[in-house]
Amino acid sequence: MQKKNGKSRISVIGLGFVGLSLSVANAKCGFPTIGVDINEQKIANLQKGIPDFFEPKLQEMLKSALSSGLLEFTSNIERAILNTDLTFLTVGTPPTKNGKVDLSQIKKVATKISQILQKKKRRHLLVVKSTVAPQTTDNTIKPILSSFIDSGKLDLVVNPEFLREGSAIDDIFKPHLIVIGAYNKSAGKKLENYYTKFYSKMPEVIHTDPTTAEFIKYANNAFLATKISFINSIANICQQVPNVDVNTIANAIGKDSRIGPLFLKAGPGFGGSCLPKDLSALIEFSNKFGKKNTLFKAVKEVNDTQPQRIVDLLQKIGVLGKNKTISILGLAFKKDTDDIREAVSIKLVKELIKKGNKIKVHDPMAIGNFKKIFGNKITYCDTTDNCLKNSDCCVLLTEWNEYRKLGPNDFRNRMKHTNIIDARRILEPERFSDLNFMAIGLGQSEQQIP
Ligand code: UGA
């Protein structure tokens with residue numbers, strides 16, 4: 001691949017949702033880009049323009065990037081490193097059972113890069129984008145590559161990513177901030193120069209050291225998690241107080257600019273591949289220093305117990321157990337993704353299977369992933385109508401736009417008993433007052449709850 005219009009040649013190692021979105025976005029901005037992954041099936045599909053997960057706008061952009069000739073995919077990491085100037089490291093850092101982070105993919109790739117760099121003459125810039133605990137680059141990545149850093153053949157920079165699943169492409173093009181954690185000024189400047197060619201309007205940049213950059217990412221996600229557990233704690237109290245609604249409270253406090261309106265949506269608890277994992281890893285990291293980390297443990301505990309609130313409501317209305325059918329609308333951990341990692345739907349369905357319930361599920365995107373876990377233990381429905389048919393209770397678990405359109409008759413005409421639990425607060429309670437409608441954070445008088 002040739003450098004084009006003075007733009008660096010980019011390689012991206014690890015084609016999960018961050019790596020693939022980044023590869024496509026780079027090609028779109030005119031950078032010759034090579035995406036690398038060890039999964040050959042994934043590479044074969046990507047070469048045909050087929051991503052292995054759903055992300056809005058991604059597939060169209062992937063196809064146009066491939067036809068522009070600026071994007072290619074390979075399993076050959078050596079070819080990618082030798083033919084590019086800047087590599088983004090975006091391999092997975094999944095959680096281990098004890099809440100730590102599995103660094104095996106990071107170590108493997110860093111070791112491979114150190115072997116390849118022996119064959120490379122030109123200087124290379126390696127940018128760590130994978131989310132890792134503070135001091136990981138210092139203690140784990142740098143030692144593997146130190147001889148190349150010391151001899152000036154390699155610049156190593158930490159550059160955390162803040163994009164969200166479901167809006168990854170928009171977030172890449174409009175970040176609120178770029179954090180650059182470098183060992184020396186010139187390496188940090190090099191990465192900033194690349195970004196000045198990527199963005200027509202340069203976002204704000206904060207330059208710092210690698211450990212602080214890693215810490216910023218953890219602190220960012222921990223704060224978001226804290227906001228959600230905070231509002232869920234308020235919601236759980238609201239639910240006990242007749243006529244009080246957490247949404248009114250969240251709307252009001254969100255107008256205080258010191259608080260802000262975002263991430264105050266009460267619900268079944270946060271899921272996904274990032275907030276739960278990063279929170280546990282931050283708790284683990286702080287344990288190393290022997291300090292009791294009361295706040296983050298509480299944030300985690302609130303989140304871990306939040307799905308039980310739904311089970312409690314199901315118990316209250318008497319629909320737990322054999323001969324009762326529960327319909328679940330929404331399986332993905334949030335809308336606009338097919339990702340079910342750490343999704344509340346998994347915890348809830350496991351619990352309901354234990355209770356002996358018959359379970360029917362619907363999701364516009366995530367059924368395929370859910371089948372891999374639950375096989376033929378539950379019923380998968382292709383429409384909301386089928387999912388609601390003859391059901392004793394419906395739980396709304398993901399805020400997909402199509403569920404917002406449901407009206408009282410959609411439930412009334414299909415369900416055996418019109419019990420509804422809106423765990424995402426997407427339906428207007430007033431419209432459903434004739435049905436047995438319950439919602440997270442909605443205080444209802446005893447008469448309203450059967
Ligand atoms: C999160 C962060 O928002 C990104 O900035 C970060 O880059 C990313 O993790 C990461 O570390 O890679 P993501 O996991 O895609 O992004 O999803 P979020 O939009 O943060 O939602 C996480 C969970 O919180 C979802 O289950 C969502 O439904 C829940 N949530 C979010 C609430 O329950 N209430 C809210 O008000 C907001």
Side-chain angles (χ1 to χ4, degrees), residues 14 16-22 53-56 90-95 101 129-133 159-172 174-179 213-214 216-236 246-247 249-251 253-254 259-282 299-300 302-304 306-307 309-310 330-348 366 396-400 403 422-426 440-441:
F17 103 98
V18 172
L20 183 58
S21 307
L22 207 60
F53 56 90
F54 170 74
E55 179 65 38
T90 53
V91 292
T93 49
V101 175
K129 271 216 176 274
S130 303
T131 300
V132 290
N159 174 220
E161 187 53 70
F162 300 100
L163 57 82
R164 296 159 297 173
E165 287 186 45
S167 50
I169 298 295
D170 291 343
D171 288 351
I172 286 182
K174 274 200 182 145
H176 64 280
L177 177 69
I178 292 173
V179 175
E214 293 164 336
I216 288 170
K217 168 73 188 209
Y218 266 41
N220 209 98
N221 274 357
F223 192 81
L224 296 175
T226 304
K227 266 189 123 175
I228 300 168
S229 279
F230 165 83
I231 201 66
N232 283 341
S233 301
I234 297 285
N236 295 339
V246 69
N247 280 357
I249 295 176
N251 179 38
I253 64 171
I259 297 173
L262 303 178
F263 275 69
L264 285 181
K265 197 100 196 79
F270 55 81
S273 65
C274 304
L275 299 195
K277 178 191 78 165
D278 294 353
L279 183 66
S280 296
L282 181 59
V299 170
K300 179 169 160 31
V302 170
N303 199 55
D304 290 345
Q306 195 64 5
R309 305 279 168 171
I310 299 169
L331 305 171
F333 83 97
K334 65 177 192 179
K335 70 169 182 168
D336 294 337
T337 176
D338 59 1
D339 197 342
I340 55 164
R341 282 177 288 176
E342 297 292 323
V344 173
S345 57
I346 299 177
K347 295 177 199 164
L348 185 64
L396 275 149
L397 216 47
T398 310
E399 72 285 22
W400 286 102
Y403 301 153
D422 182 358
R424 284 291 187 170
R425 304 306 312 270
I426 55 176
I440 294 283

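All heavy atoms count here, side chains included; hydrogens, waters and symmetry mates do not. Whatever order the structure lists them in is the order used to number ligands and atoms, beginning at 1.
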Tell me, which protein residue and heavy-atom name are nearest atom 2 (C) of ligand 1, and how many Å apart are they? Asn221 OD1, 3.6 Å
Side chain of Asn236, backbone of Gly441: donor and acceptor closer than 3.5 Å? no
Options Ile228, Ile231, Val344, ranked by nearest heavy atom to atom 31 (C) of ligand 1, top entry: Ile228
Counting both backbone and side chain atoms, is some N or O of Leu224 under 3.5 Å from an N or O of ligand 1? no
For ligand 1, which atoms have a heavy atom of Gly271 less than 4.0 angstrom away? 22 (C), 23 (C), 25 (C), 26 (O)
Only heavy atoms of Cys274, strictly under 4.0 Å: list the atoms of ligand 1 that pass. 8 (C), 9 (O), 10 (C), 11 (O), 12 (O), 14 (O)
Option set Lys277, Glu399, Lys334, criterion heavy-atom distance to atom 13 (P) of ligand 1, minimum: Lys334
Say whether Arg424, considering both its backbone and side-chain N or O atoms, lies within less than 3.5 Å of an N or O atom on ligand 1. yes
Could you identify the single nearest non-hydrogen protein atom to atom 5 (O) of ligand 1 and state the distance to 0.1 Å? Phe162 O, 2.8 Å
Report yes if Ser273 has an N/O atom closer than 3.5 Å to an N/O atom of ligand 1; otherwise report no. no
Hey, could you give me the CD1/CG distance between Ile249 and Leu264, rounded to the nearest 0.5 Å? 11.5 Å
Are there over 12 heavy-atom neighbours, none belonging to Lys334, within less than 6.0 Å of that residue's NZ? yes
With atoms numbered from 1 as shown, which atoms in ligand 1 lie under 4.0 angstrom from a non-hydrogen atom of Lys217? 6 (C), 7 (O), 10 (C), 11 (O), 12 (O)
Looking only at N/O atoms, are Leu275 and ligand 1 under 3.5 Å apart anywhere? no
Classify the contact between Thr337 and ligand 1 as side chain, backbone, both or neither, using a heavy-atom distance cut-off of under 4.0 Å. neither
To check your reading of the model: name the closest protein heavy atom to atom 34 (N) of ligand 1, its residue, and the distance in Å. Lys265 O, 2.9 Å
Of all protein heavy atoms, the one nearest atom 20 (O) of ligand 1 is Phe263 CZ, 3.3 Å
Atom 8 (C) of ligand 1 sits nearest the protein heavy atom Leu163 O, 3.5 Å
State the OG1-CZ distance between Thr337 and Phe54, to the nearest 0.5 angstrom. 8.0 Å
Honestly, for Leu264 the part within reach of ligand 1 (heavy atoms, under 4.0 Å) is backbone
Minimum heavy-atom distance between Ala168 and Ser21, given as atom pair plus value: CB-OG, 3.7 Å
Keeping Thr398 on the side-chain end and Trp400 on the backbone end, is there a donor-acceptor pair under 3.5 Å? no
For ligand 1 and Glu165, I'd like to know whether there is a polar contact (N/O to N/O, distance under 3.5 Å). yes
Pair Lys277-Thr93, side-chain donor/acceptor within less than 3.5 Å: yes
Do Asp304 and Lys300 meet the salt-bridge criterion of a basic N to acidic O distance under 4.0 Å? yes
Is there a polar contact, in the sense of an N or O pair closer than 3.5 Å, between Phe270 and ligand 1? no
Provide the closest heavy-atom pair for Gly269 versus Gln306 in the form atom of the first, atom of the second, distance. N-CG, 3.7 Å
What's the shortest heavy-atom distance between Phe263 and Ile228, and which atoms? CD2-CD1, 3.5 Å
Once you round to the nearest 0.5 Å, how far does CD of Glu161 lie from NZ of Lys129? 4.0 Å
